[in-house]
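Each remark here refers to the structure printed beneath this line.
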Amino acid sequence: ISLSHFHLISSILLHFNLEQMSNMSYLSTLKFIRTNLGRKPNITMRQIRLTDDTYDFEAEVYEPKGVDRGTILMLHGMNKQANQDLRLIDVAKSMAAAGFRVVFPSYPIIAQHLIDIGCVDEFAATIRIMTADKTLCPSGQTGVFTASFSGAILFRALGYPDVAEKVSSVCGIGVCC
């Protein structure tokens, strides 16, 4: 599935409660979509800093109001908009509308289309910082959504055993390794 198709699907799902849709017939689902299209999702967005003694990352957090199904770290690919890419923001909002807290940092080196081995340590540090913060990651584990070349960087970061044990799942779109 391409990122543009994922964007379209996530934009549609952004408007719906997935639990309501899961037990519906095809016709009931179409009626539900028609009735609910255009409703605003019940989510919030706030800006934070993920910091430790070495690293300091700006991030946006998209959160559901109410249900908490876990945390997802969203890693942008090599694109100059970084975490301001409207396509990825729509995906983050969709995940939040489905009940997940989404932490979406910005990585300036990657946004500048540069490849630097230091990015592996940045991703590893982000995962360590996030999972240590019980307000961001109550379970101590996170899922990861990644796109493009950032997937290859993530897989290198998962080579650190202490990082790998903090990641419960990975979803990659257009990942190249």
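Throughout, residue positions are numbered sequentially from 1 according to the sequence presented.
Atom CG of Leu158 and atom CG of Leu154 lie 4.0 Å apart (nearest 0.5 Å). To the nearest 0.5 Å, atom OG of residue Ser148 and atom CG of residue Asn79 are 8.0 Å apart. Taken to the nearest 0.5 Å, the CZ atom of Arg128 stands 4.0 Å off from the CG atom of Asp162. Annotation: the span from Phe123 atom CZ to Tyr55 atom OH amounts to 12.0 Å, rounded to 0.5 Å. Put simply, CG on Asp121 and CG on Asp116 are 9.5 Å apart, with the number rounded to the nearest 0.5 Å. Remark: Glu60 CD to Ile48 CD1 distance equals 10.0 Å, nearest 0.5 Å.
Linking Ile, Leu, Val, Met, Phe, Trp and Tyr whenever their side-chain heavy atoms come within less than 4.5 Å puts Met45 and Phe145 in one cluster. Ile115 and Leu75 fall within a single hydrophobic cluster, where Ile, Leu, Val, Met, Phe, Trp and Tyr side chains are chained together by heavy-atom contacts under 4.5 Å.
In this structure a side-chain-to-backbone donor-acceptor pair under 3.5 Å is present from Thr142 to Thr71. Checked by atom type and distance alone, the side chain of Arg101 never pairs as donor or acceptor with a backbone atom of Asp68 at under 3.5 Å. When atom types are taken as modelled, the side chain of Ser150 and the backbone of His76 share a donor-acceptor pair closer than 3.5 angstrom. In terms of modelled atom types and a separation under 3.5 Å, the side chain of Ser168 and the main chain of Gln141 share no donor-acceptor contact.
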For a side-chain contact (heavy atoms from CB on, under 4.5 Å) check, start with the C-alpha distance between Thr126 and Tyr107, then their side-chain angles and the critical distance, and finish with the verdict.
CA-CA 10 Å; Thr126 301; Tyr107 298 97; 2.7 Å; yes
Check the pair Lys166, Met130 against side-chain contact (heavy atoms from CB on, under 4.5 Å), reporting the backbone distance first and the verdict last.
CA-CA 10 Å; Lys166 293 170 175 50; Met130 270 182 53; over 6 Å; no
Determine whether Ile153 and Glu122 satisfy the following criterion, side-chain contact (heavy atoms from CB on, under 4.5 Å), listing intermediate values before the conclusion.
CA-CA 10 Å; Ile153 298 168; Glu122 287 185 355; over 6 Å; no
Kindly indicate, with the supporting measurements, whether the criterion side-chain contact (heavy atoms from CB on, under 4.5 Å) is fulfilled by Phe149 and Ile110.
CA-CA 9 Å; Phe149 196 74; Ile110 295 171; over 6 Å; no
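Residues Lys134 and Gly140 come closest through the heavy atom pair NZ-CA, 3.6 Å. Nearest heavy atoms, Ala124 versus Ala157: N-CB, 4.0 Å. The two atoms that bring Ala96 and Pro64 nearest to each other are O-CB, 3.2 Å, heavy atoms only. Residues Lys65 and Ile43 share a closest heavy-atom pair of CE-O, 4.1 Å.
Two residues are said to be in side-chain contact when any heavy atoms from C-beta on lie closer than 4.5 Å; Ser169 and Ile72 fail this criterion. In this structure the side chain of Val91 reaches within 4.5 angstrom of the side chain of Met95, judged on heavy atoms.
For the pair Arg49 and Glu58, the salt-bridge criterion is met [side-chain N within less than 4.0 Å of a carboxylate O].
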